[in-house]
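For reference, the structure discussed in these notes is given below.
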There are 2 protein chains.
Amino acid sequence: MTRIATLSETRDNCHNCRLRTLCLPDNLPVEDVGRLAGIVQRRKPVSRGTLLFQAGQRFNSIYAVRTGAVKTTTLMANGDEHISGFHLPGEVIGLDAIVSRDHPSTAVALETASVCEIPYAELENLSDRTPALQHQLMRIMSRELLAEQSTNHLLTRRSAEQRLAVVLLTFSERFASRGLSAQRFRLPMSRLDLGNYLGLVPETMSRTFRRLEEQGLVSIAGKEVEIVDICAMQGLAFGAQGAQAARA
Amino acid sequence: MTRIATLSETRDNCHNCRLRTLCLPDNLPVEDVGRLAGIVQRRKPVSRGTLLFQAGQRFNSIYAVRTGAVKTTTLMANGDEHISGFHLPGEVIGLDAIVSRDHPSTAVALETASVCEIPYAELENLSDRTPALQHQLMRIMSRELLAEQSTNHLLTRRSAEQRLAVVLLTFSERFASRGLSAQRFRLPMSRLDLGNYLGLVPETMSRTFRRLEEQGLVSIAGKEVEIVDICAMQGLAFGAQGAQAARA
DNA sequence: CGCTAGTTTGATGGTAATCAACGCCCGTGG
DNA sequence: CCACGGGCGTTGATTACCATCAAACTAGCG
């Protein structure tokens with residue numbers, strides 16, 4: 001069932017992409033999408049564990065996830081590794097490298113995944129002549145900034161249960177906006193990875209999953225998640241105060 | 001001693017600004033700095049507590065801090081307020097509003113402060129015709145992204161002592177790069193604000209300051225800070241593991 | 001069929017939140 | 001000038017949550 005992409009298909013890259021409204025081409029007029037498609041390079045699928053780029057590597061391109069899921073990790077000054085995000089199809093990664101010559105983080109495929117590579121020099125060059133593209137880039141970076149801020153809040157002021165609830169609801173929404181079920185989905189990462197992202201050790205992850213299940217909010221089977229009571233989940237995630245300080 | 005800025009002085013805005021290498025004009029050719037200066041509006045100093053913009057307000061401009069210090073806060077879904085950052089002269093705020101029509105956060109002067117207002121429509125328009133400006137904008141956003149990521153790590157995986165050490169060292173560096181002393185400085189925010197930012201209650205802030213002092217790392221007098229042993233501070237901030245999980 | 005990474009369970013302890021109360025600084029108004 | 005008040009900061013006692021340690025269990029995979 002392997003199909004070979006023809007050249008014309010490659011040119012069509014973004015036009016026909018189901019993810020176009022989540023990705024760089026969003027808000028672009030048709031002719032600009034064509035020009036963008038001209039510099040986008042589809043990469044062949046890679047298997048779980050493959051590095052898309054590595055911290056310290058020279059920054060040449062940003063990447064848009066096409067299929068599968070990717071995590072980005074950073075080696076911190078003290079030597080431990082921090083997962084800065086999980087990325088689903090349509091999301092752009094590598095933006096944190098623009099300011100320096102090198103990638104600050106490493107991107108790893110969490111499952112079989114494929115990406116579009118966008119050489120940054122060419123993207124810069126193109127967006128110099130394409131205001132709409134430039135504006136879309138700014139919007140994407142602004143959105144990332146906003147997401148990081150809300151992650152910050154989540155991590156400082158919420159209990160383990162709330163962190164997990166928020167993250168599950170976030171995945172639910174992200175899957176839904178990609179046309180998948182908001183109720184049932186499969187988490188692409190291990191509990192260790194999810195715990196690293198949330199600032200919780202695996203033992204706590206396990207116990208917290210169980211507590212959510214006991215409360216009848218979710219049903220868990222390995223990496224398969226079913227959100228049983230979405231309202232109660234939202235109540236837990238966003239209602240009242242965290243377990244910790246929440247003074248004005 | 002009040003000086004009235006003349007028109008020509010206003011035009012010169014960015015050229016003569018001591019902060020130009022930290023701010024939007026950095027990396028721009030002289031003629032582009034002039035064009036940028038043409039759309040920058042100097043605002044009169046405002047006193048402590050003044051709101052520069054408010055969450056929910058229509059997004060029109062970004063702002064560069066010129067003097068003083070500013071905090072940005074966000075009202076989270078659960079009703080509590082989260083301080084997303086403290087901003088010193090040369091830093092640009094409001095970038096998180098680009099993606100939506102409205103400001104997600106509120107900016108408050110922490111002390112007497114003045115800002116430059118940069119109408120975003122004009123900035124967009126100008127950067128459409130000014131590649132270097134666009135690239136500088138991208139670099140600034142990328143830098144912000146990076147900063148948020150490292151804050152994330154700080155908040156999830158480090159003890160109260162380490163969080164405070166990191167934040168003090170960060171302020172030290174930021175003051176130093178503005179030509180001020182790296183050893184002695186005055187924190188512009190209350191302990192409550194700093195605690196909110198770090199995810200710590202005021203009681204813990206107080207005790208943690210005292211512990212750093214007892215260890216001979218710093219000397220504290222109200223908001224005045226002296227970093228006594230910078231090496232030991234760095235050791236504490238970046239060395240070894242945090243008090244919490246740090247598994248790969 | 002065993003191996004290893006990942007996950008779970010239980011027992012214990014430490015760090016920081018919470019609760020309670022007091023002292024300090026500073027601006028306001030009598 | 002002094003008294004008052006409130007925001008801010010400090011200190012102490014107690015508690016809760018989550019990390020840590022230890023160990024068993026499961027599942028994918030060569």
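All chains are named by letter (A, B, ...) in the order of the sequence lines, taking the proteins before the strands, and each is independently numbered beginning at 1.
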Within this structure, what is the [atom1]-to-[atom2] distance between [X] and [N], rounded to whole angstrom?
{"X": "A:E224", "N": "D:dA27", "atom1": "CD", "atom2": "P", "result": "14 Å"}
{"X": "A:E213", "N": "C:dT7", "atom1": "CD", "atom2": "P", "result": "15 Å"}
{"X": "B:L155", "N": "C:dT15", "atom1": "CG", "atom2": "P", "result": "19 Å"}
{"X": "A:L164", "N": "D:dC17", "atom1": "CG", "atom2": "C1'", "result": "16 Å"}
{"X": "B:R48", "N": "C:dC26", "atom1": "CZ", "atom2": "P", "result": "12 Å"}
{"X": "B:L212", "N": "C:dA16", "atom1": "CG", "atom2": "P", "result": "11 Å"}
{"X": "B:M205", "N": "C:dT15", "atom1": "CE", "atom2": "C1'", "result": "15 Å"}
{"X": "A:N196", "N": "C:dG6", "atom1": "CG", "atom2": "P", "result": "12 Å"}

Distance only, no hydrogens: is a donor on one side chain within 3.5 Å (strictly under) of an acceptor on the other, for [X] and [Y]?
{"X": "A:N152", "Y": "B:E148", "value": "yes"}
{"X": "A:T74", "Y": "B:H153", "value": "no"}
{"X": "A:N196", "Y": "A:E81", "value": "no"}

Considering only [options], which nucleotide approaches the side chain of [X] most closely?
{"X": "B:K223", "options": "D:dG9, C:dT7, C:dA16", "answer": "D:dG9"}
{"X": "A:S190", "options": "C:dG6, C:dT8, D:dC8", "answer": "C:dG6"}
{"X": "B:L192", "options": "C:dA16, D:dG9, D:dC18", "answer": "D:dG9"}
{"X": "A:L200", "options": "D:dG12, D:dC18, D:dG9", "answer": "D:dC18"}
{"X": "B:E203", "options": "C:dT8, D:dG9, D:dT10", "answer": "D:dT10"}

TODO: Examine B:R178 relative to B:F175 and say whether NZ or CZ is less than 6.0 Å from the centre of the six-membered ring and inside a 45° cone about the ring axis.
DONE: no
Task: Derivation and outcome, side-chain contact (heavy atoms from CB on, under 4.5 Å), residues B:F86 and B:F171 - done: CA-CA 10 Å; B:F86 302 106; B:F171 272 109; 4.0 Å; yes
Side-chain N or O of [X] less than 4.0 angstrom from OP1 or OP2 on [N]?
{"X": "A:R191", "N": "C:dT8", "value": "yes"}
{"X": "B:R210", "N": "D:dT11", "value": "yes"}
{"X": "B:T204", "N": "C:dA16", "value": "no"}

Open item on the list: If you define the side chain from C-beta out and look only at heavy atoms, does anything of A:L194 sit under 4.5 Å from A:F209?
Closed with: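 A:L194 vs A:F209: side chains touch.
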Do [X] side-chain and [N] base share a donor-acceptor contact under 3.5 Å?
{"X": "B:R163", "N": "C:dT15", "value": "no"}
{"X": "B:R207", "N": "C:dT18", "value": "yes"}
{"X": "A:E161", "N": "D:dC17", "value": "no"}

- [ ] Mind grabbing the angle between the end helix axes of the helix from C:dC1-D:dG30 to C:dG30-D:dC1? Five pairs an end, 10° rounding.
- [x] 30°
Give every donor-acceptor pair under 3.5 Å between a side-chain atom in residues 105-112 of chain B and any protein atom, sequence neighbours left out.
{"unit_1": "B:S105", "atom_1": "OG", "unit_2": "B:D96", "atom_2": "OD2", "d": "3.0"}
{"unit_1": "B:T106", "atom_1": "OG1", "unit_2": "B:A55", "atom_2": "N", "d": "2.9"}
{"unit_1": "B:E111", "atom_1": "OE2", "unit_2": "B:A69", "atom_2": "N", "d": "3.4"}

- [ ] Using the salt bridge (charged side-chain N to carboxylate O under 4.0 Å, His left out) rule, collect all pairs that involve residues 207-216 of chain A, keeping only residues at least two apart or in two chains.
- [x]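 Sorted result for residues 207-216 of chain A: A:E161-A:R211, A:R210-A:E214.
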